[in-house]
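Scroll down for the structure; my scribbles are underneath it.
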Amino acid sequence: MQSVGAITEAAQDNNLLRLTLAGDEEAFTTLYRRRQSAIYRFALQMSGSVVVAEEVTQDVFMTLIHDGTRYDDSRGTVLSFLFGIARNLVLRTLERDRSNRYVSIDNSPAENAETDAMGPLDDLTRRESVDAVRRAVLSLPEAYREVVVLCDLEEVSYADAAVALDCAIGTVRSRLHRGRAMLLEKMKIWKAPAAVQAQFAKPEACLL
Amino acid sequence: MKAGEIMTCREFDTVVAELVRNPIAATSVESDLDASVRSSGAEHAAECAPCGARWIAEERLSASLRALASSSEHKASGAVEVRLLEAFRARQLQAKPSLVVAEAKVVPIRQTKRTPWILAGAIAAAMVLVALLVSVRSGSKGPERTIATQAPRVAPAETSRVAVVTPSQEAAAAPRVVAVRRLTPKRTVSEPRMVATEFVPMERGGFFEPMDRGQLVRVQVPRMAMRNAGFPVREDRLNEPVLADVLVGEDGTARGIRFVKYTQ
């Protein structure tokens, strides 16, 4: 289910794509300007590289020019179609350049050095800095990263994310749940206490 | 979960992210959580200290992610849009093979890391010079020119795929040659035909510099530019847009301009 605003946006995208495929340059330009930043940000948050983000953005719309007729509006929105193309391109690029792209927040010496010296609450402000979040997101496994980037950063609906990622909505939801839990631990915002973990292991023992 | 049921910690764990991401039920149109689950979750967080801490942590995480999202105002550079528009136009030309600029050869959209920036610079230079043509020369009366409509020549078939074109020495040295070419001697009535003026020099001295390579950049300018280039334009149409091809040399300077329109 989508909001009225989202439906209107999707209808406008649909119309722009139809005109684009009919050769309307202005429609293509409008569609590009409406959606390019979302695609760029997705590629940037997934790869951590502005070069990859720029290449992916160009290739996504190049694909739209040449293979835009592949879009099927019964399967999802134009935006989810574009995210799907972007996702495939990003994963291909990451696979190709795997050794250079990964940035692990766990490997940051400064991060680990301060963990022992300062309490988690004292260091919260620094830990919640944008840089730390970015690195934490980048350190997630791809399957969780793409869901977090799409749903939490780009605020794409579960339905659109499912189309873009070619999986079920339930999978999107469970990956998002797991991805967020991993982020909480990586950013040292929260870690399930042993007692709670034990409760999760034995749900019948839960007191509440 | 039914209203009035007590939520367990495990159940809370499965819904806490959803509760935090969509805090207002009325706007969470895609959330499966109904009001009873929301209230049960809130009650559970209030009574269970570890889950209350988890709730707060999830809220902090959401705030951090929002901060990251709002810091990402990045977008692709203007050069990407330029390259895409070139590709789009090339695609349209492929779809209409009878509309061909003669003696052109295909230049790949992505050649090297350097090329797009040169092209972007060339386009920027062309735009500036066109703007100068509109503004600086306004008021001066140039020699009147007419739109040439000479008989079209047949271009070789391999020139039909045009992205960025490279005019020949002949075209550069002889600006009065009309650039109305097509592939086939006969065309159907419904096909649009490109009509173009001769190239008008844009550099001081009034003549093209001999050059090996150049690029044609398609831009849209006010008809005022046509008048300033010496073509007759009615007063009431001076602000109407008209297509123009700017001939840009390898050094990025605009060498000439011609005006284009499509007719049936």
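Within every chain, numbering begins at 1; the chains are lettered A, B, ... in the order of the sequence lines, protein sequences first and strands thereafter. The model shown is predicted, which means the values in this text are computed figures rather than measured ones. Below, each value reflects all heavy atoms present in this structure, side chains not excepted, and no hydrogens, waters or symmetry copies.
- Under the rule for a salt bridge (charged side-chain N to carboxylate O under 4.0 Å, His left out), the partners of B:R223 that lie at least two apart in sequence or sit in another chain are B:E240.
- In terms of heavy-atom proximity, B:A87 sits nearest to A:I65 at CB-CD1, 4.1 Å.
- When side chains are defined from C-beta on, A:Q45 counts as touching B:L68, because their heavy atoms get closer than 4.5 Å.
- For A:T20, the parts sitting under 4.5 Å from any heavy atom of chain B are the backbone and the side chain alike.
- Atom NE2 of A:H177 sits about 10.0 Å away from atom CD of B:E18, to the nearest 0.5 Å.
- Both the backbone and the side chain of B:S62 come within less than 4.5 Å of a heavy atom of chain A.
- Atom CG of A:L21 sits about 9.0 Å away from atom CZ of B:R91, to the nearest 0.5 Å.
- Within the 4.5 Å cutoff, the side chain of B:V80 has no heavy atoms near those of the A:E55 side chain.
- How far CD of A:Q36 is from OG of B:S77: 9.0 Å, rounded to the nearest 0.5 Å.
- Side-chain contact check for A:D152 versus B:R66: every heavy-atom pair is 4.5 Å or farther apart.
- Ring planes of A:Y40 and B:H74: tilted class, angle from 30 to 60°.
- For a residue to count as touching a neighbouring chain, one of its non-hydrogen atoms must lie under 4.5 Å from one of that chain's; by this rule A:V50 does not touch chain B.
- When the shell of 6.0 Å around CG of A:D67 is examined, it contains more than 12 heavy atoms from other residues, nucleotides or ligands.
- Residues in residues 22-31 of chain A take part in these salt bridge (Lys or Arg N to Asp or Glu O under 4.0 Å) pairs, two or more places apart or across chains: A:E25-B:R89.
- Contacts between A:L64 and chain B at a heavy-atom distance below 4.5 Å are absent for every atom of the residue.
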Practice prompt. Would you please test B:R60 and A:L184 for side chain to side chain contact (heavy atoms under 4.5 Å, CB included) and show each step?
Written response: CA-CA 9 Å; B:R60 284 179 176 163; A:L184 286 173; over 6 Å; no
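- At least one side-chain heavy atom of B:L65 sits less than 4.5 Å from a side-chain heavy atom of A:L183.
- Put simply, the side chain of A:R33 does not reach to within 4.5 Å of the side chain of B:K75, judged on heavy atoms.
- Heavy atoms of A:F61 lying under 4.5 Å from chain B belong to its backbone as well as its side chain.
- Between A:G23 and B:Q92, the shortest heavy-atom contact is CA-OE1, 3.2 Å.
- Between B:F88 and A:T29, every side-chain heavy-atom pair lies at or beyond the 4.5 Å cut-off.
- Counting all heavy atoms, side chain and backbone alike, A:Y32 lies closest to B:A76 at OH-CB, 3.7 Å.
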